[in-house]
S.K.: 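If you scroll down you'll find the structure; I have some questions about it.
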Amino acid sequence: MNRQPPRLRPVFVTAIAAALLALHWALALSALARTGATNDEPIHLASGYSYWRFDDYRMQPENGNLPQRWGALPLLLLRPRLEPGDDPVLWGASHQWRISYGFFFRSGNDADTMLFCARAAMGLWTVAAGLLVFAWARAQWGDAGGLFSLAAYSFSPTMLAHGALVTSDMCAAFWLLAAVGAWWRVSRRITWGRLALSCAVTGLAFVAKYSAILLFPVFGLLLVWRVLDAEAVVLDPAFIAPAPRVIGTRRGKLAALAALGALHALAAWAVIWTFFGWRYGAFAPSLPPAWTFYIPTDVVLARHDLVTRAVAAAMRWRLLPEAYLQGFAHVRYQGSARAAFLLGQYAITGWWWFFPYAFWAKSTFGELLVAGALLYAAARRWLQPPAAVARLALIRGDVGRLAPLLALGAVYGGGSLLSTLNIGQRHILPLYPILFILGGALVRAAAGRWWRIAAVAALGLSAVESASIRPHYLAFFNALAGGPGDGWRQLVDSSLDWGQDLPELARWVRAHRRPGEPVYLSYFGSGSPDYEGLPARDLSPYYSSGRPRSWYELHAGLYCVSATLLQDVYSPYRGLWKPNYEAAYRALLPQMRSEIAAGTRRPELTDFARGPVDPLWTLDRLRFARLVQYLRLRRPDAVIGYSIFVYRLAPEEVRVAVDGTPDELAAMMTRAAAAR
């Protein structure tokens with residue numbers, strides 16, 4: 001006979017939950033204290049501030065209006081400088097990246113203070129999501145289950161990595177979970193309070209992130225379950241009549257829930273218009289006139305499919321704000337083909353197994369044990385009854401209790417398998433709260449002593465794993481995947497290298513640079529080397545944020561390369577060095593050198609977007625691709641935060657990498673691989 005765990009007093013449960021939430025917020029925020037801006041944070045913050053100050057929506061409409069506004073709330077008190085009149089050309093072209101870079105690093109604003117205050121505000125979303133996890137798990141599994149789920153959430157490196165960042169990911173995860181839970185409650189018993197809450201959170205989910213579109217199939221699945229289930233739908237007596245009305249027929253339930261869905265759609269429509277100022281046009285009349293979005297509308301609507309035609313029709317009829325429709329089309333356009341990296345492979349349309357692998361590699365061993373235990377326990381429970389009828393009844397009962405979590409997990413997880421936008425584990429962030437809530441079942445009163453012991457052990461293991469990577473939560477990879485030191489060989493971009501370690505690199509260079517030693521930087525991110533006091537020359541960066549760049553010859557010195565650029569993910573010459581690359585490089589190198597020396601070609605380099613038509617840009621990319629072929633095999637002299645690799649290259653190494661014959665390069669690479 002299993003001993004039941006002792007019940008805690010409600011005041012103790014509340015105190016423990018509050019302490020865990022406060023600890024989670026403090027851990028998430030303090031881990032970011034010495035890090036720089038991740039790639040998307042400056043543009044999110046500048047966009048949100050422009051929404052508040054100017055009622056203008058030209059910047060970053062493809063991300064959630066709500067989280068951008070929320071992150072910018074502290075800036076309304078700080079009043080940093082953002083003046084469109086200073087550069088009307090950039091504002092006219094809606095050049096969101098250049099505008100946000102100038103806002104952060106060229107306008108005299110205190111970027112560190114702005115970012116810290118915004119992160120402190122954004123951290124409240126991860127607290128809210130943790131509170132929702134606790135409340136849901138406690139309602140399902142009791143006090144012990146609620147506290148277990150909250151503790152698993154609080155110590156998760158994934159939640160800590162993204163919880164306080166100025167992005168839309170955590171905010172969207174909260175509102176998706178809240179919307180599904182609220183819909184499930186109101187679809188069982190319709191009251192004015194439940195209806196208002198469900199409509200409100202559904203509408204807010206649609207301005208948190210465009211992934212809210214997945215609520216349509218989730219709500220549809222839950223509606224079908226309600227209609228087919230034997231349980232009736234109850235209309236509250238105060239809702240339409242003096243006495244409760246019980247709807248038990250399938251046709252009646254379908255009609256009631258369809259009307260409920262229509263009300264939710266209407267509420268979402270109203271919330272979207274409210275967040276965009278009830279104005280169709282994206283561009284505020286008081287600002288410099290704009291002639292385009294950053295990616296023009298005709299480009300994002302270039303696909304000839306049903307969805308694109310529907311968006312174009314909605315624009316013609318002005319059914320939703322222009323910026324909202326533009327943002328939705330932008331998301332589809334960017335997601336249709338985007339360079340991605342996974343375990344040494346490169347693709348532009350992704351892999352179905354990208355997110356399953358990311359979940360496996362970047363979840364703690366304790367979290368994987370909880371997931372495995374849940375699958376085992378469910379299989380054992382459902383296969384135990386001898387009769388098929390009893391087994392079916394048991395499954396229906398369990399699924400009925402957990403339907404909203406299972407529906408959200410199935411739709412979101414299934415959508416991730418079909419997604420071609422494979423740039424980061426953060427895109428499956430909403431799946432983690434579902435796992436933590438379900439994990440509370442392992443410690444419920446009826447679970448059994450050994451299940452509870454195993455679950456607590458898994459929780460302790462997760463806490464230890466999380467502490468071991470602090471403060472570099474974003475770079476977490478579990479020991480089964482080789483740990484964070486091997487992460488760059490598996491996943492890059494926002495799964496590891498999001499530009500966050502530039503300040504730490506600047507501190508390292510100041511401490512270890514030799515007098516007069518050149519520093520070359522190939523950085524993936526939106527930070528500013530100049531702002532961080534890093535005296536480095538740009539080396540084939542992914543994007544230079546308007547900084548002028550010129551061709552120059554390479555010399556011995558410190559070469560600092562972000563993991564994403566070490567894998568050269570976004571270059572047209574990514575992957576293994578090929579004979580046609582070598583032939584093109586050998587033809588262009590003497591030609592460009594000769595033309596620059598003769599003065600017939602200017603040494604200025606164009607931006608990434610215009611580069612492929614420029615032979616000097618092509619040569620610059622080819623030279624960099626040839627260099628990183630060697631660097632990927634050479635042992636780095638230092639690794640900054642697991643995401644930036646530092647190499648002190650000798651003159652001979654640079655000569656062979658740039659001018660050496662293929663045989664010389666192959667021999668140097670062989671020696672480097674053997675030494676590593």
Side-chain angles (χ1 to χ4, degrees), residues 36-65 67-76 78-115 117-118 165-168 276-277 281-297 299-300 322-324 326-327 330-331 334 498-499 502 523-531 538 541-549 606-610:
T38 58
N39 198 56
D40 293 355
E41 286 182 293
I43 193 170
H44 278 293
L45 203 48
S47 300
Y49 189 48
S50 71
Y51 301 164
W52 286 118
R53 279 200 59 191
F54 309 123
D55 192 28
D56 184 85
Y57 308 100
R58 71 187 70 192
M59 287 204 297
Q60 197 78 344
E62 64 270 20
N63 276 284
N65 187 292
Q68 289 173 317
R69 284 183 180 271
W70 184 272
L73 280 174
L75 272 58
L76 298 179
L78 297 174
R79 299 293 295 180
R81 177 179 177 81
L82 180 64
E83 296 298 335
D86 290 348
D87 205 329
V89 175
L90 289 182
W91 283 82
S94 303
H95 206 306
Q96 52 200 32
W97 294 102
R98 294 274 298 276
I99 293 171
S100 60
Y101 187 85
F103 172 62
F104 254 66
F105 305 116
R106 290 178 174 171
S107 300
N109 296 322
D110 187 342
D112 295 330
T113 298
M114 290 195 305
L115 190 59
C117 293
L165 292 179
V166 189
T167 64
S168 57
F276 286 87
F283 311 124
S286 59
L287 294 191
W291 55 85
T292 182
F293 287 98
Y294 179 65
I295 299 182
T297 302
V299 174
V300 298
E322 179 187 23
Y324 192 84
Q326 167 75 20
H330 183 120
V331 169
Q334 289 283 59
W498 219 4
L502 187 63
Y523 169 62
F524 181 76
S526 296
S528 169
D530 293 337
Y531 184 86
D538 284 325
Y542 170 60
Y543 185 66
S544 62
S545 300
R547 298 188 303 272
R549 292 202 306 121
T606 58
D607 268 341
F608 188 91
R610 301 192 304 273

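The model shown is predicted, which means the values in this text are computed figures rather than measured ones.
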S.K.: Can we say R81 and D86 salt-bridge, meaning some charged N sits less than 4.0 Å from an Asp/Glu carboxylate O?
M.R.: yes
S.K.: Is the shortest side-chain heavy-atom distance between S526 and I43 below 4.5 Å?
M.R.: no
S.K.: Locate the shortest heavy-atom distance separating F54 from P84; write the atom from each residue and the value.
M.R.: CZ-CD, 3.6 Å
S.K.: How about N65 and Y324: do any of their side-chain heavy atoms sit closer than 4.5 Å?
M.R.: no
S.K.: So, the side chain of D40 versus the backbone of T167: is there a donor-acceptor pair under 3.5 Å, distance only?
M.R.: no
S.K.: Report yes if the side chains of Q96 and P61 come closer than 4.5 Å at any heavy-atom pair, otherwise no.
M.R.: yes
S.K.: Considering non-hydrogen atoms only, spot the tightest contact between S100 and A46 and give its length.
M.R.: CB-CB, 3.8 Å
S.K.: Side-chain contact test, heavy atoms from C-beta onward, threshold under 4.5 Å: evaluate it for Y294 versus V300 and give yes or no.
M.R.: no
S.K.: Between OG of S47 and CZ of R69, what distance do you get to the nearest 0.5 Å?
M.R.: 11.5 Å
S.K.: Report yes if some heavy atom in the side chain of F103 is under 4.5 Å from a heavy atom in the side chain of M114; otherwise report no.
M.R.: yes
S.K.: Tell me whether the rings of F283 and F293 are parallel (<30°), tilted (30 to 60°) or perpendicular (>60°).
M.R.: tilted
S.K.: Please give me the minimum heavy-atom distance between W498 and L165, naming the atom from each residue.
M.R.: CZ3-CD1, 3.7 Å
S.K.: Any idea which heavy atoms bring R58 and L287 closest together, and the distance?
M.R.: NH2-CB, 3.6 Å
S.K.: What are the two closest non-hydrogen atoms of L45 and A118, and how far apart are they?
M.R.: CD1-CB, 3.6 Å
S.K.: Distance check, rounded to the nearest 0.5 Å: I99 atom CD1 versus R106 atom CZ?
M.R.: 12.5 Å
S.K.: Measure the CG-CZ distance between L90 and R98 for me, rounded to the nearest 0.5 Å.
M.R.: 5.0 Å
S.K.: Minimum heavy-atom separation for Q326 to T297, with atom names?
M.R.: OE1-OG1, 2.8 Å
S.K.: Can you tell me if S528 and Y101 form a side-chain donor-acceptor pair at under 3.5 Å?
M.R.: yes
S.K.: Can you list the steps and then say if L76 with Y49 is a side-chain contact (heavy atoms from CB on, under 4.5 Å)?
M.R.: CA-CA 8 Å; L76 298 179; Y49 189 48; 4.1 Å; yes
S.K.: Look only at the side chain of Y523 and the backbone of G499, and say whether a donor-acceptor pair between them is shorter than 3.5 Å.
M.R.: yes
S.K.: Should W91 and M59 count as side-chain neighbours, where that means a heavy-atom distance under 4.5 Å?
M.R.: yes
S.K.: Look only at the side chain of Y531 and the backbone of A111, and say whether a donor-acceptor pair between them is shorter than 3.5 Å.
M.R.: yes
S.K.: How far does CD of E41 sit from CG of L115, to the nearest 0.5 angstrom?
M.R.: 5.0 Å
S.K.: Any heavy-atom pair between the side chains of Q68 and Q60 that's under 4.5 Å?
M.R.: yes
S.K.: Less than 4.5 Å apart, any side-chain heavy atom of E62 and any of I295?
M.R.: no
S.K.: To the nearest 0.5 angstrom, please state how far the CZ atom of F104 sits from the CG atom of D110.
M.R.: 10.0 Å
